[in-house]
Amino acid sequence: MPIELKNVNYYYNRGTSMEVHVLKDVNLKLDRGEFIGVIGHTGSGKSTLIQHFNGLLRPTDGQVLYDGEDIFGEGYDRRALRGHVGLVFQYPEHQLFETDVFTDVCFGPRNQGLGEEQIKERAEASLRLVGLGEEFYKRSPFELSGGQKRRAAIAGVLAMEPDYLVLDEPTAGLDPGGRDEIFHVLQTLREERGIAVILVSHSMEDVASYVHRIIVVNEGKIAFDDVPREVFRHYRELEKMGLSAPQVTYIAQALRERGLDVDPLVTTVPEARDSILKALEERKHGC
Amino acid sequence: MAIIKTDNLVYEFTRRDENNEVVETVRAVDDVSLEIAPGEFIAVLGRNGSGKSTIARQLNALLLPTSGTVWVDGMNTQDGEHLWDIRQTAGMVFQNPDNQIISSVVEEDVGFGPENMGVPTEEIWKRVDRSLEAVGMTAYRRSSPEHLSGGQKQRVAIAGVMAMKPKCIILDEPTAMLDPSGRKEVIQTVRELNQSEGITVILITHYMEETVNADRIYVVDQGVVRMKGTPREVFSQADRLKELKLTVPQVTELACEMKKAGVDLPGGILTVEELAGALCR
Ligand SMILES: Nc1ncnc2c1ncn2[C@@H]1O[C@H](COP(=O)(O)OP(=O)(O)OP(=O)(O)O)[C@@H](O)[C@H]1O
Ligand SMILES: Nc1ncnc2c1ncn2[C@@H]1O[C@H](COP(=O)(O)OP(=O)(O)O)[C@@H](O)[C@H]1O
Ligand SMILES: [Mg+2]
Ligand SMILES: [Mg+2]
């Protein structure tokens, strides 16, 4: 059940003086089981891109296929598609609208036509996954801190148990512990249920540690689409695109400049540690 | 004299039912006493819901204490007559770059605050010039904010606060929605304002790396200040931070791992240069 984008172009305000060409000839194929990070400067088109995955935006030209079928073809059931491809918005305020947190999280599964008992189970399980305890169930979404709102919005989409989970900056505003917890939850869901996770993030460190594939969006085009190590190899180009490499990559560079033979492409702390230890060992043996 | 001082500050949110009976109270700030000297760069860390934003909103009288006292440059925030002086002395910048800009031209946006206060036109333009200069956005003064990057929008928002001639700027997660370049831009701008203009800075963030140059860090949890000290003091307690759902900068984490593996390194490494220097002596 892949999602495919074929020659997708997207314009906001087409045909007016405010026209902006945001996505330019985008071709992508996403599969179940993948863990994908989407990175790019602010305004590069990330949010616009991912809203194509569940048909929330319709390409100005080009096609979006789900399981080989054109989702804008005649008679296509896009409502059902939104149950398969769940989207967590960039701003939780755009997603939370019920009177209390629990009712809000029930909204999706209820729309899927599940029974009350199952709806309740799903909501409880999802809220547990994002770390919101019972004391929050009856709170209005407006009575939450920024990070708590974000967690509630994620729970709402998890509760639909989609096959593709698409999240727009899900960890923005989360504390470091919460960032780790959310990434772990996503990793586990992917492993246990075989779903795909696609997320936008500005944290290069998190992306490098968790995802298997990075899509770099630059000015509406796909600049790179590869495994993290290969993408961060181009860190100088990434910097020109408003991005960077993880901090450990810069440590490796700094050490190499000082003559220590460290792998220049390390992107996570364990990789950096092992590579530096090895280099120190070799230096000791007088190479 | 302290620019910001709080004495046993407590703040409670109360939730009422349809009959106006209190059904729940949340103590978001619990007996916090802070003292911040003019010109300090202070960072505030804490897990989601720990009370950071609630504290911040007391510091320019957007919220008033349930009990305890807050002084801003000697003015008690409960004195209604000082409200505008307080808001002018301590300006706030928020997370979302798109919600803070009102006008369709950058320079008008920056002049909006002083204009609202009835500052004479000539003086407004002087302030707009200086503020845009201070955040490095002069070249964009006639641009439409829509066409700016997230980091540039935040610098415009900061310029808008600067135009009020504040003594203190409070930034509540100003970089949370920004790409890496935008984050760097904003943090550099804030540091610059602190160092060359002597503006007191209070920075709330979930990015640990952004706080390594602060003079002091406060760590809050459940509305209580749990740790305070220099970045080196705070980040050398990685385990304690982890309990509080926080972490240390990636370079500090790597240094810790290397030490565990038996490499002789000094404690409290906070920057790439420090680590590289220590490993390649
Ligand atoms: N309007 C409100 N009504 C009731 N409770 C609230 C309200 N706003 C915040 N709270 C509660 O007060 C506590 C502190 O919230 P605050 O927004 O200060 O946290 P924070 O440290 O800024 O968190 P974050 O990192 O998520 O932004 C939390 O328990 C939160 O749920
Ligand atoms: N609703 C909209 N109307 C007009 N232009 C928009 C709208 N949403 C986004 N844009 C523009 O499209 C471009 C891409 O935006 P977006 O997809 O939000 O980028 P990102 O998520 O990478 O920050 C930007 O230039 C932005 O200003
Ligand atoms: Mg976006
Ligand atoms: Mg907050």
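A quick note: this is a predicted structure, and the numbers were derived from the prediction, not measured. When reading the values below, keep in mind they use all heavy atoms of this one structure, side chains included, and skip hydrogens, waters and symmetry mates. Residue numbering restarts at 1 for every chain, and letters A, B, ... go by the order of the sequence lines.
For the pair D179(B) (side chain) and T42(A) (backbone), a donor-acceptor distance under 3.5 Å is present. Between the side chain of N48(B) and the main chain of R150(A), no donor-acceptor pair closer than 3.5 Å is present. Without hydrogens or angle criteria, R183(B) side chain to H202(A) main chain gives a donor-acceptor distance under 3.5 Å.
In F142(A), the CZ atom is not crowded: 12 or fewer heavy atoms of neighbouring residues, nucleotides or ligands sit closer than 6.0 Å. Counting non-hydrogen atoms of neighbouring residues, nucleotides and ligands closer than 6.0 angstrom, the CD atom of Q222(B) reaches no more than 12 such neighbours. More than 12 non-hydrogen atoms from other residues, nucleotides or ligands lie less than 6.0 angstrom from CG of N13(A). Around the CD atom of E134(A), the shell of radius 6.0 Å holds no more than 12 heavy atoms that belong to other residues, nucleotides or ligands. Shown here is K24(A), whose NZ atom has more than 12 heavy atoms of other residues, nucleotides or ligands within 6.0 Å. Within a 6.0 Å radius of OH in Y140(B), other residues, nucleotides and ligands contribute 12 heavy atoms or fewer.
Looking at heavy atoms from C-beta onward, K138(A) lies out of side-chain contact with E24(B) at the 4.5 angstrom threshold. Contact of the E253(B) side chain with the R273(A) side chain is not registered, since no non-hydrogen atoms from C-beta on lie closer than 4.5 Å.
No other option in S244(A), G147(A), G242(A), A172(A) has as many heavy-atom pairs under 4.5 Å with chain B as G242(A). Contacts with chain B were tallied for Q253(A), R139(A), R258(A); R258(A) has the most, counting heavy-atom pairs under 4.5 Å. Note: R151(A) leads E257(A), E239(A), R151(A) in heavy-atom pairs under 4.5 Å with chain B. When the candidates T175(B), V26(B), L178(B) are compared by the number of heavy-atom contacts under 4.5 Å with chain A, L178(B) comes out ahead.
To the nearest 0.5 angstrom, L255(A) atom CG is 5.5 Å from L279(B) atom CG. With values rounded to the nearest 0.5 angstrom, K245(B) atom NZ is found 9.5 Å from D180(A) atom CG. With rounding to the nearest 0.5 Å, the separation of OG1 in T271(B) from CD in Q247(A) is 8.5 Å. Note: L174(A) CG to H206(B) NE2 = 7.5 Å, rounded to the nearest 0.5 Å. Distance check, rounded to the nearest 0.5 Å: CD1 of I251(A) to CG of L275(B) gives 5.5 Å. Distance check, rounded to the nearest 0.5 Å: CD of Q250(B) to OG of S209(A) gives 6.5 Å.
A pairwise comparison of heavy atoms in Y91(A) and N96(B) identifies CE2-ND2, 3.2 Å as the closest pair. Across A176(B) and G173(A), no two heavy atoms sit closer than the pair CB-N, 4.1 Å. When all heavy atoms of A254(A) and A276(B) are compared, the pair lying nearest together is CB-CB, 3.9 Å. Residue G46(B) comes nearest to D175(A) through the heavy atom pair O-CB, 4.4 Å, listed as atom of the first residue, atom of the second, then distance.
With a 4.5 Å cut-off on non-hydrogen atoms, Q95(B) touches chain A through its side chain but not through its backbone. Heavy atoms closer than 4.5 Å to chain A are found in both the backbone and the side chain of T247(B). With a 4.5 angstrom heavy-atom cutoff, D172(B) does not touch chain A via any of its atoms. Contacts between E257(B) and chain A at a heavy-atom distance below 4.5 Å involve backbone atoms as well as side-chain atoms. For chain B, the nearby part of L280(A) is the side chain; its heavy atoms alone come within less than 4.5 Å. The contact between E209(B) and chain A is made entirely by side chain atoms (from C-beta outward), counting heavy-atom distances below 4.5 Å. Of the atoms belonging to V23(B), not a single heavy atom falls under 4.5 Å from chain A. Only the side chain of V263(B) comes within contact range of chain A, with heavy atoms under 4.5 Å apart. Neither the backbone nor the side chain of N99(B) comes within less than 4.5 Å of any heavy atom of chain A. For chain B, no part of P270(A) is nearby; none of its heavy atoms comes within less than 4.5 Å.
Judged by a 6.0 Å distance limit and a 45° cone about the ring axis, R179(A) is positioned over the six-membered ring of Y207(B).
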Q: For the pair L243(A) and S181(B), evaluate side chain to side chain contact (heavy atoms under 4.5 Å, CB included) and give the outcome as yes or no after the intermediate values.
A: CA-CA 6 Å; L243(A) 301 172; S181(B) 307; over 6 Å; no
